[in-house]
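Here is the structure we will look at.
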Amino acid sequence: MTIRTTRTGVLGAFLLTLLALFLAPPAQAGDPLTEKSAGRKYALESKAATAKAGESICVTAEINDAGNQAGKLRARKSCESLGSWETFTLHTNDKGSRAALRSEANGLYVSAEFHDAGSHKGMLRARQAGSIGNWERFELKHHEGGWYSLTYNFTEGGSSENYYVSAEINSTGSDEGLLRARASAKNAPGSWELFKLRQISSPSEPPTPTFPTPARDINVLTWNACGNNDSCDMYEYSVNEFTEAIATQAQRASAGVILLQEFCEKLAKPLEHKLEDRLNSGADAWDVRFAPIQYAIGKSGRWAQKSCAKNRGAYGVAIAVPAENTWYKAVELNSPEKTERRTALCAAVQSWAVMACTAHFSTGGKGYDDPERHVQQAQAAHLAEKVAEYPGYRPVFGGDLNATPTVTPEESTVPVLQPLYQKFKECDPTNTVTAGNSKLDYLFAPNTATWAPCHVGGSVGPSDHKPVWGTVTLPAR
């Protein structure tokens, strides 16, 4: 077992390692707490292994190996036949300075094992169940031809050294293609140190909506749940308390669609179960999906998912729709440079012919990410376009848009949210305050729809936003 004396002491590290290995689920199943995400997914192609094999070779996480071999990364699998073992996501908890790799097969971060000896010193393993630490952070650098190097900094005992991650293609047996942080980064990387991030695409088009579709009433709830803000009560809630708070609001609203912002990825599956227990007597009735907010990784041209505190996965938005849902897609919103890249998330309800979407815009105004609010207005225009681009689907959407109905960008007379008001009908025309002294939270539907009187929660707490809910009536089509 690998012992980490530089973190929590020998005994604590030993116990954490045992726990990570014991809890790792079978590779074929994936991690049920992280498989609900619409975030970007990648396979890692090794340049050296590809050249040796004469075909594209990708990296695998060997999560069924035992002991201190569990989860070791090897460049050994044809890139034409990829599964969860070959699928990774990128994450950051330092605003994109460095990135961590997470295996989709077991939901664990990849660590560089510098306390292993000999030919395994510095080997990479998908084995860290906790939050991202120094052992899991890599610098990602772009090179000619679309290849990338991964640099790991090992600091201990007063010395510090940077190493490239290499694919050991000349090793034999179960170590063939083993990934190790072992080549000095003082020189340019060679083919053994170069990898290509092959983005794994998701289905681009939703299923054909049901037609004809009868008129339908849908109860919709939106709430900024404040899951990553330590000034909110929700931040300190246990998983059960957090999901219970949302289920309580959903029950109050008799919700059929739930739009959530400031949400943590690993709460998606527990929330799905909680909603089914509270609202459906345990029946399989809900699908909860997640999309991450991201940071640019240095100058690499790639993006990593922002981490939630308390080891709750990535940070972003979530949507809860009927369990029939099979298609969902993140809509990444252009955001100010060197800030969070905000997102929306859409999910298709085929039998209703409804495209439900949740969104969280950048924060605008002096002292914030978008001080002049021009980017916010562009986000509104982008969202208006995206939610309506699927033929036959009626958009029902909203979220925390971080702007009042009348606020305008500097040197403009057009309100930030005008692109949405031009095309859609908003739930609350009275503009009730939802956060602080402002209305920031919205629900929209097509102009052909009607909203029953909109409801806004009576007081702030346990979030810093009030929930908003209403009944939208969609006409037959």
Side-chain angles (χ1 to χ4, degrees), residues 24 27-28 30-31 34 39-65 68-91 98-113 116 119-128 135-143 145-152 163-183 189-201 297 300 302 304-305:
Q28 293 84 351
D31 182 355
T34 58
R40 298 186 186 197
K41 297 176 174 61
Y42 298 95
L44 275 68
E45 178 185 351
S46 164
K47 186 174 184 179
T50 291
K52 180 180 180 180
E55 65 169 326
S56 297
I57 298 296
C58 283
V59 171
T60 291
E62 307 286 5
I63 65 173
N64 280 353
D65 285 3
N68 68 350
Q69 304 289 299
K72 69 181 182 183
L73 269 56
R74 293 173 58 202
R76 69 163 183 83
K77 182 73 178 293
S78 169
C79 296
E80 303 307 312
S81 179
L82 301 175
S84 64
W85 291 31
E86 292 79 43
T87 305
F88 299 87
T89 50
L90 297 173
H91 300 260
R98 291 164 294 177
L101 290 165
R102 193 179 72 188
S103 167
E104 280 288 284
N106 63 7
L108 303 181
Y109 292 113
V110 171
S111 300
E113 305 290 359
D116 283 6
S119 63
H120 282 174
K121 183 177 181 180
M123 75 172 174
L124 269 56
R125 292 173 55 203
R127 58 78 114 197
Q128 167 64 351
W135 298 76
E136 290 76 45
R137 295 190 182 104
F138 299 86
E139 181 183 352
L140 186 67
K141 185 177 180 179
H142 181 261
H143 299 273
W147 297 98
Y148 288 84
S149 61
L150 290 165
T151 304
Y152 176 75
Y163 297 93
Y164 291 125
V165 172
S166 300
E168 305 286 0
I169 62 170
N170 285 348
S171 295
T172 59
S174 63
D175 281 349
E176 183 179 2
L178 181 68
L179 264 61
R180 294 173 57 202
R182 64 99 176 148
S191 64
W192 288 31
E193 289 78 51
L194 294 177
F195 301 87
K196 190 167 287 184
L197 278 70
R198 299 168 59 122
Q199 188 167 345
I200 298 173
S201 59
I297 309 172
S300 69
R302 295 288 182 168
Q305 303 177 28

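- Under the 3.5 Å distance criterion, the side-chain polar atoms of Tyr148 are matched with a main-chain donor or acceptor of Ser300.
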- [ ] Apply side-chain hydrogen bond (donor to acceptor under 3.5 Å, both in side chains) to Glu176 and Ser171, showing your working.
- [x] CA-CA 4 Å; Glu176 183 179 2; Ser171 295; over 6 Å; no
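- For NZ of Lys52, the number of neighbouring non-hydrogen atoms (other residues, nucleotides, ligands) closer than 6.0 Å is greater than 12.
- Taking His143 as the reference, nothing meets the ring pair (Phe, Tyr, Trp, His ring centres under 6.0 Å) condition, with sequence neighbours excluded.
- Nearest heavy atoms, Ala75 versus Ala167: CB-CB, 4.3 Å.
- Counting only heavy atoms from C-beta outward, the side chains of Leu44 and Leu101 approach each other to under 4.5 Å.
- The structure places CG of Leu150 at 10.0 Å from CG of Leu194, a figure rounded to the nearest 0.5 Å.
- Between Tyr152 and Phe138, the distance separating the two ring centers is shorter than 6.0 angstrom.
- Counting heavy atoms from C-beta outward, Trp85 and Asn64 have side chains that approach closer than 4.5 Å.
- Between Ile57 and Cys79, the shortest heavy-atom contact is C-SG, 3.3 Å.
- Residues Glu168 and Arg180 are paired through a salt bridge, judged by an N-O separation under 4.0 Å between the basic side chain and the carboxylate.
- Closest of all the heavy-atom pairs between Glu45 and Ser56 is OE2-OG, 3.4 Å.
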- [ ] Please report the C-alpha distance between Leu73 and Phe88 in whole Å, then the side-chain angles of each, then the deciding distance to 0.1 Å, and finally whether the side chain to side chain contact (heavy atoms under 4.5 Å, CB included) criterion is met.
- [x] CA-CA 11 Å; Leu73 269 56; Phe88 299 87; 4.2 Å; yes
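- With hydrogens and angles disregarded, a donor-acceptor distance shorter than 3.5 Å links the side chain of Lys72 to the backbone of Ser174.
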TODO: Show your reasoning for whether side chain to side chain contact (heavy atoms under 4.5 Å, CB included) applies to Leu90 and Leu197.
DONE: CA-CA 10 Å; Leu90 297 173; Leu197 278 70; 3.7 Å; yes
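- At a threshold of 4.5 Å between non-hydrogen side-chain atoms, the residues Glu86 and Ile200 do not count as touching.
- Taking CD of Glu104 as the start and NZ of Lys41 as the end, the distance is 5.0 Å to the nearest 0.5 Å.
- Ser149 OG to Phe195 CZ: the interatomic distance, rounded to the nearest 0.5 Å, is 9.5 Å.
- Rounded to the nearest 0.5 angstrom, His91 NE2 and Ile297 CD1 are separated by 10.0 Å.
- For the pair Arg127/Trp135, no side-chain contact is recorded, criterion being any heavy-atom separation below 4.5 Å from C-beta on.
- To the nearest 0.5 Å, the span separating NZ on Lys196 from OG1 on Thr50 amounts to 8.5 Å.
- Every residue meeting the side chain to side chain contact (heavy atoms under 4.5 Å, CB included) condition with Glu193, not counting sequence neighbours, appears here in chain and number order: Tyr164, Ser166, Ala183, Pro189.
- Atoms NZ and OG, from Lys77 and Ser46 in turn, are 15.5 Å apart once rounded to the nearest 0.5 Å.
- In terms of heavy atoms, Asp31 sits closest to Gly107 at OD2-CA, 3.4 Å.
- For the residue pair His120 / Gln69, a side-chain donor-acceptor distance below 3.5 Å is found, with atom types taken as modelled.
- Between the side chain of Asn106 and the backbone N or O of Ala126 there is at least one donor-acceptor pair closer than 3.5 Å.
- Ala181 and Leu124 make their closest contact through N-CD1, 3.9 Å (heavy atoms, listed as atom of the first residue, atom of the second, distance).
- Looking only at side-chain heavy atoms (C-beta outward), Met123 and Asp175 stay at 4.5 Å or farther from each other.
- Contact detail for Trp192 and Asn170: the closest heavy-atom pair is CZ2-ND2, 3.5 Å.
- You'll find the side chain of Thr89 stays beyond 4.5 Å of the side chain of Thr34, heavy atoms only.
- Residues meeting the side chain to side chain donor-acceptor pair (under 3.5 Å) test with Asp65, sequence neighbours left out: none.
- Considering only heavy atoms from C-beta on, Asn68 stays 4.5 Å or farther from Glu113 through its side chain.
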